[in-house]
Amino acid sequence: MHIVFKKIDEWFEKEPDLKQKFQDTYKIILLAANKYAVHMRKVAQEKANMSIEIQVSEQLLRQSLIDAFDDLLRLTNYHPTKEPNPIKEMSYIVYWLMRRKPIWLVSEDLVLNDKLSDMARTRFLFINEEFGVKLLINAAFIGKKEKSVCGHIHDEAERQLKYYKRFLLYFLVYRMESAKSLEAMMLGCTIHPIWEVDPVIWSEPKDPEQEF
C-alpha cells in the first residue's frame, strides 16, 4: 500500500475525456462551498453576534473530486454502470469531501457560544458534513417535479424532509461507511408520494425482458 499525490495536470493526461466535466464540477462545488461559507458567517453574526472566519481549501476540494472521479471511472470501466445518475455522482463526491474536509472553521470558539442552540453548534462543528447534506438534498430534490397533492400531504412531506436532513447529518458524522451506503439512502428518500418519478434516476431497463 502506498499513497500517491495526484497532480491535476497529470490526472488530466491520464483521463483527457473527463477534463471538461471535472472542471465544470469543480467550479460548481467551489462556488457552492464559498456561498455556504458566506451563509454560515451570516448565521454566526445573527445568532451569536460573532464575526467568524471560514476558509475553503481549493487543493483539498480538488483532491476530493479526483478521488471521487477515480471511483466513478472504476464503476464505468469495470461494472455495468455506464452513465452514473446525479445521486450516484453526488454520493461519491460527498463521500470524498467528508474524507478530505476542505472547509475549515477557523474561529472554533463559536461552538462554545451559549447563544447558539445545540443543533446550531453541531452544524458549525461539523461544517463539512452540513455542507454535504445540502449537496445531497440538492441532487435528490431541487428541480424535481412535485405532484399535485392536498395541502396536508405536502405539509407532512416538508416536515419529513426537515427531519430527514437531521438524520442525514447524523449519518455523515457517525455512520457513513461508503459512498454506496450514502447513495442507497438518497435513492430511498426520493420514493415518496409527493414526488414524480425522476426518469433520470429511475429509468426503465433497456431490455424489456430484464428482471429486477
Side-chain angles (χ1 to χ4, degrees), residues 21 25-26 28-30 32-33 35-36 39-40 60-61 63-76 78-103 118-147 149 153-205 211-212:
K21 182 172 183 179
T25 304
Y26 172 76
I28 291 171
I29 301 296
L30 178 61
K35 286 185 175 180
Y36 171 66
H39 168 72
M40 295 300 278
L60 287 174
L61 176 57
Q63 186 62 41
S64 301
L65 291 181
I66 289 176
D67 292 325
F69 271 61
D70 272 345
D71 275 353
L72 290 168
L73 272 173
R74 280 189 282 273
L75 284 177
T76 57
Y78 302 108
H79 296 270
T81 301
K82 296 305 176 186
E83 296 182 7
N85 66 59
I87 287 181
K88 182 183 290 291
E89 288 185 345
M90 190 55 70
S91 295
Y92 278 82
I93 289 171
V94 169
Y95 172 79
W96 283 106
L97 288 174
M98 298 306 99
R99 299 290 299 271
R100 303 289 175 249
K101 299 191 184 302
I103 303 176
D118 289 343
M119 195 65 207
R121 280 196 287 268
T122 298
R123 285 170 172 154
F124 278 103
L125 183 60
F126 301 110
I127 196 166
N128 286 277
E129 287 78 2
E130 176 71 4
F131 179 59
V133 169
K134 295 183 181 301
L135 291 178
L136 289 165
I137 292 296
N138 185 75
F141 292 106
I142 302 301
K144 305 298 188 295
K145 186 178 179 182
E146 293 184 12
K147 288 182 179 179
V149 296
I153 294 178
H154 189 279
D155 292 343
E156 285 297 320
E158 290 297 322
R159 191 176 297 107
Q160 288 172 8
L161 186 57
K162 174 183 176 181
Y163 286 105
Y164 185 82
K165 291 177 183 178
R166 290 194 179 189
F167 174 73
L168 184 56
L169 177 61
Y170 172 83
F171 185 83
L172 290 177
V173 172
Y174 295 112
R175 292 289 181 262
M176 186 180 65
E177 297 177 351
S178 67
K180 293 183 291 185
S181 62
L182 193 53
E183 177 193 358
M185 278 188 61
M186 297 313 299
L187 284 173
C189 76
T190 65
I191 305 174
H192 192 283
I194 196 173
W195 302 105
E196 295 281 2
V197 175
D198 187 341
V200 175
I201 296 172
W202 299 103
S203 57
E204 292 288 341
E211 294 189 12
F212 180 74

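Here, residue 1 is the first one in the sequence, and each next residue gets the next number.
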Min side-chain heavy-atom separation [X]-[Y] under 4.5 Å:
X: Phe171; Y: Leu182; result: yes
X: Met186; Y: Ile137; result: yes
X: Ile29; Y: Met90; result: yes
X: Leu135; Y: Leu97; result: yes
X: Met40; Y: Phe131; result: no
X: Glu89; Y: Lys21; result: yes
X: Leu172; Y: Asn128; result: no
X: Leu169; Y: Met119; result: yes

Please report the closest heavy-atom contact between [X] and [Y], naming both atoms and the distance.
X: Ser178; Y: Ser181; result: O-OG, 2.8 Å
X: Ala179; Y: Ser91; result: O-CB, 3.8 Å
X: Ala68; Y: Tyr92; result: CB-O, 3.7 Å
X: Met185; Y: Tyr164; result: O-OH, 2.9 Å
X: Ala33; Y: Ile103; result: CB-CD1, 4.3 Å
X: Pro86; Y: Ala139; result: O-CB, 4.2 Å

Worksheet item: Where do Glu129 and Lys101 land on the side-chain contact (heavy atoms from CB on, under 4.5 Å) test, with the steps shown first?
Response: CA-CA 9 Å; Glu129 287 78 2; Lys101 299 191 184 302; 2.6 Å; yes
Fill in: Worked verdict on Glu130 versus Phe126 for side-chain contact (heavy atoms from CB on, under 4.5 Å)
CA-CA 6 Å; Glu130 176 71 4; Phe126 301 110; over 6 Å; no
Worksheet entry | side-chain contact (heavy atoms from CB on, under 4.5 Å) involving Leu30 - partner list, sequence neighbours excluded | Tyr26, Asn34, Val56, Glu58, Leu61
Response to the item:
For Leu60, the side-chain contact (heavy atoms from CB on, under 4.5 Å) test, sequence neighbours excluded, returns Ser57, Pro102, Trp104
So, taking the atom named [atom1] in [X] and the one named [atom2] in [Y], what distance separates them when rounded to the nearest 0.5 Å?
X: Lys134; Y: Lys35; atom1: NZ; atom2: NZ; value: 13.0 Å
X: Phe69; Y: Thr25; atom1: CZ; atom2: OG1; value: 4.0 Å
X: Arg175; Y: Leu168; atom1: CZ; atom2: CG; value: 14.0 Å

Practice prompt. Return yes if some donor-acceptor pair links the side-chain N/O of Tyr36 with the main-chain N/O of Ile127 below 3.5 Å, else return no.
Written response: yes
Worksheet item: Are Asp67 and Arg100 close enough for a salt bridge, meaning some N to O gap below 4.0 Å?
Response: yes
Worksheet item: Between the side chains of Tyr170 and Arg166, does any donor sit under 3.5 Å from an acceptor?
Response: no
Practice prompt. Take Arg99 and Trp96 through the test side-chain contact (heavy atoms from CB on, under 4.5 Å) and record every step on the way to the result.
Written response: CA-CA 5 Å; Arg99 299 290 299 271; Trp96 283 106; 4.0 Å; yes
